[in-house]
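For clarity, every value in this text was computed on a predicted model and none was experimentally measured.
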Amino acid sequence: MEEQRTHDPIVVGVDGSESAADAVRWAAREASVRHGRLRLVSALVVPEPNHIGNPGLGTSYKRTMTEAAETTLADAVEQARSVDPGLDVQTQLWTGFPVPVLLDESLRASLVVIGSRGLGGFSGLLAGSVAVGVAARGACPVVVVRGGGERPAGRPVVVGVDGSPLSEDALALAFEEAALHAAPLLAVHSWQEDATELSIAPLVDWEGLESQEHLLLAERLAGWSEKYPDVEVTRRVRRVGPAGELVELSRTAELVVVGSRGRGGLRGLLLGSVSHALIHHAHCPVLVARPR
C-alpha cells in the first residue's frame, strides 16, 4: 500500500449480520498484525416523512433505529476486541445508504472490509449489492470476506497476474499480505487458447506461446521477490480461464488477491469478470486492488 495510506484506518462495514461479524474479526486480525487502527462504520437508512416505506411512527421510530444501530456497533467493538483486546477501535454511525457511505470512507482508508452478504440477503444470493458496489468503485483496496474469514496457518496467498497495471497493484498487495502473515505466495497466470481464431489455431506454436506466458510471469515477479526475499513464491501458469482457476484455488487459500479489472478491461468497466466471479463464488476472502 502506498506510504501515505499506511496510517489510515482499516474500515469495516457493520450491519449486525453474521457476514459482517466475519468481516469485523478478519479486519481486527489484519489491524492487529499491522499495528493499525480499526474503524467500524454503520449506515442508518431512515425513511423521510411521506416516503414509501416509512411506517409513520414519527421521531420515536428514528430513535429506536439509532439505538439499535449503536448497539450493533458496540457488539462489533466486542467482536474486534475478542481478537485483540488492545486494538485501537473507533466507531461511526452515518445516516445514509451503505454503498455511498463506504465509498466516502474509502477515501480515507488503507483498506475497506465488508461481508459478502448483509442483513436481508437471501441464502441463494451469493454476494450482496454492497459488496459488489464497494469493490467496483472503492478508492482503496477492498476485501470481501467469504468462507467465514478464517486464516488457517500454512495456506497460501493466491494472486492473479495478467500483466495489467491493476495486476501489478495486486502483486504489491499480495506480497505485503504474505510477508505480514508469514504465508507462502502462489502467483497464478492463466491464459486461454480459445482467444485465437479457430481457422489459424492449427498454425499456432502453443509451446512457444506458453514459454512466453511463463516469461511474462517471471518478469512480473522478479522485482517483488527481491523486495520480499523471505516470501516463498510458487508460480503457476495454466492454459485455462482465470476465473474458474482462481475460484478453484480459493478452496485451499487463505486469501485471493486480484485487480478490479484485467488486461482486457475497458475504461468504463468498473469490475472485471474475474474479480466479479471471485466476489460471488470464492471460498475464502477476496482482496480487490483498486485504481487510485
Sequence-distant partners of His276, ring pair (Phe, Tyr, Trp, His ring centres under 6.0 Å), two or more places apart: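 His276 satisfies ring pair (Phe, Tyr, Trp, His ring centres under 6.0 Å) with His280 once adjacent residues are dropped.
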
Side chain proximity check, [X] to [Y], heavy atoms < 4.5 angstrom:
{"X": "Arg137", "Y": "Val99", "answer": "yes"}
{"X": "Val89", "Y": "Leu40", "answer": "yes"}
{"X": "Val12", "Y": "Ile114", "answer": "no"}
{"X": "Val41", "Y": "Val101", "answer": "yes"}
{"X": "Ile10", "Y": "Val113", "answer": "yes"}
{"X": "Val130", "Y": "Val132", "answer": "no"}
{"X": "Leu173", "Y": "Glu176", "answer": "yes"}
{"X": "Asp15", "Y": "Pro98", "answer": "no"}

Checking [X] now: which residues fulfil side chain to side chain contact (heavy atoms under 4.5 Å, CB included) with it, not counting sequence neighbours?
{"X": "Ala174", "value": "Val157, Val159, Leu185, Val257"}
{"X": "Leu215", "value": "Glu219"}
{"X": "Ala179", "value": "Tyr228, Val231"}
{"X": "Thr234", "value": "Leu186"}

From CA spacing to verdict: side chain to side chain contact (heavy atoms under 4.5 Å, CB included), Val142, Leu102: CA-CA 10 Å; Val142 176; Leu102 290 171; over 6 Å; no

Under-4.0 Å salt bridge between Glu18 and Arg25: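 Judged by the 4.0 Å cut-off on N to carboxylate O distance, Glu18 and Arg25 do form a salt bridge.
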
Basic-acidic side-chain contact under 4.0 Å: Glu213, Arg238: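 So Glu213 does not pair with Arg238 through a salt bridge.
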
Residue pairs passing the side chain to side chain donor-acceptor pair (under 3.5 Å) test where at least one lies in residues 80-99, sequence neighbours excluded: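 Passing the test, one end in residues 80-99: Ser32-Asp84, Trp94-Glu105.
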
Can you tell me which residue pairs pass the side chain to side chain donor-acceptor pair (under 3.5 Å) test with a partner in residues 148-161, sequence neighbours excluded?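 The answer is Glu30-Arg151, Arg151-Glu177, Arg151-His181, Arg151-Glu254.
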
If the condition is salt bridge (charged side-chain N to carboxylate O under 4.0 Å, His left out), which residues does Glu248 pass it with, not counting sequence neighbours?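 Counting only residues at least two positions away or on another chain, Glu248 forms a salt bridge (charged side-chain N to carboxylate O under 4.0 Å, His left out) with Arg251.
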
Contacts of Arg236 that satisfy salt bridge (charged side-chain N to carboxylate O under 4.0 Å, His left out) - sequence neighbours left out: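 Result, salt bridge (charged side-chain N to carboxylate O under 4.0 Å, His left out) vs Arg236: Glu245.
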
